[in-house]
Chemist: 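One structure coming up, written as C-alpha cells, with questions to follow.
Just so you know, ligand 1 is whichever comes first in the structure, and atom 1 is the first atom listed for that ligand. In this text, all values refer to a predicted model and were calculated from it rather than measured experimentally.
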Amino acid sequence: MQPAANLNHAAVQVEDDRTGLTPETLKRAFLDNLFYIQGKFPRLATQHDYYMALAYTVRDRLLQRWISTAAAYTEQGSRTVAYLSAEFLMGPQLGHNLVNLGIYDIVQQAVADLGLNLDELMEQEAEPGLGNGGLGRLAACYLDSMATLEVPSLGYGIRYEFGIFRQDIRNGQQVEVTDKWLRLGNPWELPRPEWAVDVKLGGHTEAYTDRSGRYRVRWIPYQVIKGVPYDMPIAGYRTNTCNTLRLWSAQAPEAFDFEIFNSGDYLGAVQDKLSSENLSKVLYPNDNISQGKRLRLAQQIFFVSCSLQDMLRILARQGLALSQFSQKFVIQLNDTHPAVTVAELMRLLMDEHGLSWDAAWDITQRSIAYTNHTLMPEALEKWPVDMFGQLLPRHLEIIYEINHRFLEQVRARFPDDSDRLRRLSLIDESGERYVRMAHLACVGSFSINGVAALHTELLKQDVLKDFYELYPEKFNSKTNGVTPRRFMVLSNPRQTEMLNRTIGDTWVSRLDELKRLEAKAEDPSFQHDWHMIKQANKGDLANYMAKQNGLVINPESLFDVQVKRIHEYKRQHLNVLHIITLYHRLKASPNLEVPPRTFIFGGKAAPGYHVAKLMIRLVNGVAEVINHDPAMRDRLKVVFLRNFNVRLAQRIYPAADLSEQISMAGKEASGTGNMKFALNGAVTIGTLDGANVEIRDEVGAENFFLFGLTAPEVYALKAQGYNPWDYYQGDPELKQALDSILVGTFSRGDGEVFKPLIDSLLNWDPYLLLADYQDYVACQERVGQAFCDRTHWTRMSILNVARMGLFSSDRSIQDYCRDVWRTPAVPIELTDHAQLGE
Ligand code: NTF
C-alpha cells in the first residue's frame, strides 16, 4: 500500500464554519456560500441561490462525517455491502439530510432569522428521480437504513441525465416531459474523475496461449466507454456514519476518435462521442415490464462493469488479495438488472487478473446475493442470444460455460430428466433463443430472496421452483421496509411531534417502540388530538389540490387514496368501477347515507403502455363528470394528482384516511406504499397480496378491510376456466358501471375511447376485476360505515401506527445483515482532519 502523502503541515485548520451546528455558525456559513459558491449577494440572489447556499452548508457537515467514515473503513478494511441497482429513487435531499443530521429545527430557525422560509427553499430542489417506483425507492430506503445501522455500504448505480419523466395532464391524458434535474446543478454530488474506468462493448474474442502455456481469451471490443463516478453522501440518522452512493456517468474515452479524426471525419468522431454519452442519458421508464432493448443491456453492463472494477480497485488499495474479495465485499443484486455481474466478475477475475475458472467461480459464487422483486412474466428479463453476443461476446462465452457446468450437475442429480434441464437452462431454447437473467442470478449467487413472505413462497412453488428443488438452502425471505425518517419524521411533523410527546423520540430508529402507543388507543383526549392532526394534514392536501386541480375539497370527507404506478395488475380501474357504482347509487337514491368521499389518484404510466394510459384517462373522465355534477357537491370528488413523485408522496401519505392496496392476489411482490400509508395512520382496504398479508397479521384483522380472492383461489378460478361475461351478466350494478363507460358517459359521449379497456375486461380480464368487484364494493360499504363512527375509526388509525414497527427498513436491513451479508456494524468517530493527513 502506498503511504498517504504527509499532509500534516499542509492540513488546513478546518474552520468551525464548515462543521459548526450553532445558529450563528450556520448563518455565517450560509452567507459565505452565497457569496463564494453562488457568487451572489442578497439583492441579486434567487430563491434557488439561497437553496444552493443552504445545501452547501449542509453538505459541509456531511463531508466531515463522510471523510471520517471513509477513513475508518479504509483503515479497518471493513466488510462492505455493494448494493447494485439500476434505480435509486432518492427524492429531495435537503430536508432528509437535515433530519438525519438532527439539525432540522435549528436550520429552520437560522433561515427564518435571515428572512427566508425553509419550506420554500426545499421546494427549489429538483428531486433526483432516478427510479420508476417501489424497486428504486426501496434501494433508497435501504441506503438510509444501512447508514443508520452503521453498516459499511456502497450503493452503485447510474447517474441518468434524465430521470423518470415529469407527468403533465392535458385533456385528461398523460403527457411526458423530460426531467432535466441537473439543469441548475447538483450540490449533493462530488465528481471523482480520478476513479474513472473503461468499459468495453461489442467486437469479438480471440483465444491465445499465455507464457505458462495456459488457454486464455482476449476480447477485442468495437467500442470503449468511460465511466466517471459521481458520489452522493448518505448520512445515517443521528450517527456519524456517512456512506456513499456512487453513480456512473458515461463518457467517450477521448474527446475525439483519432483514427477517424485523422481520416478527416471530424463530425463522425464527435458523433461517436455523442453515442457513448447516450448510455447514461435516460432511465427506461418501465415498471414491472422489461423492454429487451440493446441500449438497456448496454446500461446494465456499463454500471456493473464500472462497479466491479471499482471494487477491485478498492481491494487492491487496501492491500487485500483477490482471494479475499468475498471477505471484503458482498454484492446484493437488486433484481436481475445487474445480473450480468455473474459473468462480468468471472471475466475480470480470469481475463484481466489471470485467475483460473475454478478460483474465479469460487469467488463469484461466494460474493453475490440476488433479490427477486417480481412474479410478473413480462418483467422477467431475457435477452435475445444474438443481441447479447453482439454486445457482449465474451460474456456469452462465459455464460455458455457456466451453463454447461451447471447442467452437468443437474444431470448428475436428476438423470434422465431432460424436461428439467430445459426448464433450468440459462438459455431459453423454446423458440428464439434467449439468455434468462434470473437463472444466471440464481446459479451465480449464494442467496436468493423474495421481498415478502407470500412472494417468497410463490417463488419457491412457481417461478423458481426448479431452483428451489436444486438449492433449497439458498432461498430466504426478506420482507421489505421503509424508512421512518423520510416517511414519518420529515413528511409528517405533526404526527411525529405527537409521538415524541407521548412515547419519546427513540421510535425513529427503533420502530417497534410504536407499540407503546397501544395504551393510548382508547384515550378520548389522545384520540381527539390524533384526529385533529389528521384533519390538519388533510387541510394541507386540500389546499394543494385546490391549487393544482382547482377543486374545492372538503377536508372532513373520507380521503380514499390510491397512489402508485398505473398498471393493470394494480387495478386502479377496479377502484374506478366502485366510484362509478357509488355515483349511480347516489343518483338513484339521493338520500343514501354514505359519508362524503374524496377519491385521490396519482401515478405514472409507462409511455408505451397504452392501457395504463387509458386508465389515467378514465380516472380523469370520471372526475370531470362527478366533479361537475351539482348533485355530487359535498358528496363525491375525484382527483388525479399529476406527477406523483417522492416529494408529492410525502404530502399525500399523512393526509390519507384509506389506503388502496387492491392488486390481484399473487401479483404484487410486496408493495411499500402500503407500509407508508399505515405508518401515517391510514387504514388499508386490500387483498391478501404481497406484504398486505403481513401488515394485516400485525395490525389485526379488525383494523384492516380485507376483500377479494386469495392467490390459491385465483389459480383455481383460472384453472377451472374464468369467464368475466358471467359476472357482467350476473350483476346489474357491475353491468351498469361498465356500460356507462362503454357508451361514453366519461368521454364526452365518445363510445370509442375506452373500448379497448372494456373489451379486455369483458373478454379476458387477466386480473379478475370482475370476479373481485362485488366483494370490493361490499367491503367499501363497510369502510363507509366505519368512517362514520369517528371514535372507532380513530382507534383503528392509532392501532395501525402502533403495530407497524416491523415495517421499518431498519428491520429489513438487520435481517439481511444477520442472514445474508454477515456485515458487522462499524461505529464511526468523528476525526480531527489534521490527523487524517498522518
Ligand atoms: C417491485 N418490482 C414490486 O412490484 C413491488 O411489489 C415491490 O414492493 C418492489 O419491487 C420492491 O421490492 C419491480 O419493480 C420489478 F422491477 F421487479 F418488477
Chemist: Does the pair D144/R485 count as a salt bridge with the N-to-O cut at 4.0 Å?
Modeler: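 Here D144 pairs with R485 in a salt bridge, since their nearest N and O are under 4.0 Å apart.
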
Chemist: Counting each atom of ligand 1 from 1 as listed, which ones have a heavy atom of Y569 under 4.0 Å away?
Modeler: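 In order of number, 4 (O).
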
Chemist: As a check for students: among L135, N286, T371, identify the option with a heavy atom nearest to atom 14 (O) of ligand 1.
Modeler: L135

Chemist: So which heavy atom in the protein is nearest atom 15 (C) of ligand 1, and how far is it from that ligand atom?
Modeler: N288 OD1, 3.9 Å

Chemist: Among protein heavy atoms, which sits nearest to atom 7 (C) of ligand 1, and what does the distance come to when rounded to 0.1 Å?
Modeler: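 Going by distance alone, atom 7 (C) of ligand 1 is nearest to G671 N, 3.7 Å.
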
Chemist: Side chains of N703 and N800: is there a donor and an acceptor less than 3.5 Å apart?
Modeler: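 Not at all, the side chains of N703 and N800 share no donor-acceptor pair under 3.5 Å.
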
Chemist: For ligand 1, which atoms, with element, lie under 4.0 Å from some heavy atom of A669?
Modeler: 6 (O)

Chemist: Under a 4.0 angstrom heavy-atom cut-off, which atoms of ligand 1 come close to N480?
Modeler: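 Those atoms are 8 (O), 11 (C), 12 (O).
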
Chemist: If you take the centroid of each ring, where Trp contributes its six-membered ring, are H578 and Y776 closer together than 6.0 Å?
Modeler: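 Centroid separation for Y776 and H578: below 6.0 Å.
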
Chemist: Just do the salt bridge (Lys or Arg N to Asp or Glu O under 4.0 Å) check on D815 and R818 with the steps written out, would you?
Modeler: CA-CA 5 Å; D815 290 354; R818 189 192 56 227; 3.4 Å; yes

Chemist: Ion pair present between E176 and K613, side-chain N to carboxylate O less than 4.0 angstrom?
Modeler: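 Salt bridge present between E176 and K613.
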
Chemist: Write out the residue and atom name of the closest protein heavy atom to atom 12 (O) of ligand 1, then the distance separating them to 0.1 Å.
Modeler: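 Protein heavy atom with the smallest distance to atom 12 (O) of ligand 1: H373 ND1, 2.6 Å.
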
Chemist: Sort out for me which residue in N372, T371, T456 forms a side chain to side chain donor-acceptor pair (under 3.5 Å) with N449.
Modeler: T371

Chemist: Before signing off on this row, confirm whether G134 and ligand 1 have an N or O atom pair separated by under 3.5 Å.
Modeler: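 No, no N or O pair falls under 3.5 Å.
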
Chemist: Answer yes or no: is there a side-chain heavy-atom contact under 4.5 Å between L464 and F475?
Modeler: yes

Chemist: With side chain to side chain donor-acceptor pair (under 3.5 Å) as the test, pick out the partner of S307 among Y156, W248, Y83.
Modeler: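 Answer after filtering Y156, W248, Y83: W248.
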
Chemist: Do any nitrogen or oxygen atoms of T374 come within less than 3.5 Å of a nitrogen or oxygen of ligand 1?
Modeler: no

Chemist: Looking only at distance, does S670 have an N or O less than 3.5 Å from an N or O of ligand 1?
Modeler: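 Yes: some nitrogen or oxygen of S670 is under 3.5 Å from one in ligand 1.
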
Chemist: Counting only heavy atoms, tell me which of E668, R565, E381 gets closest to atom 6 (O) of ligand 1.
Modeler: E668

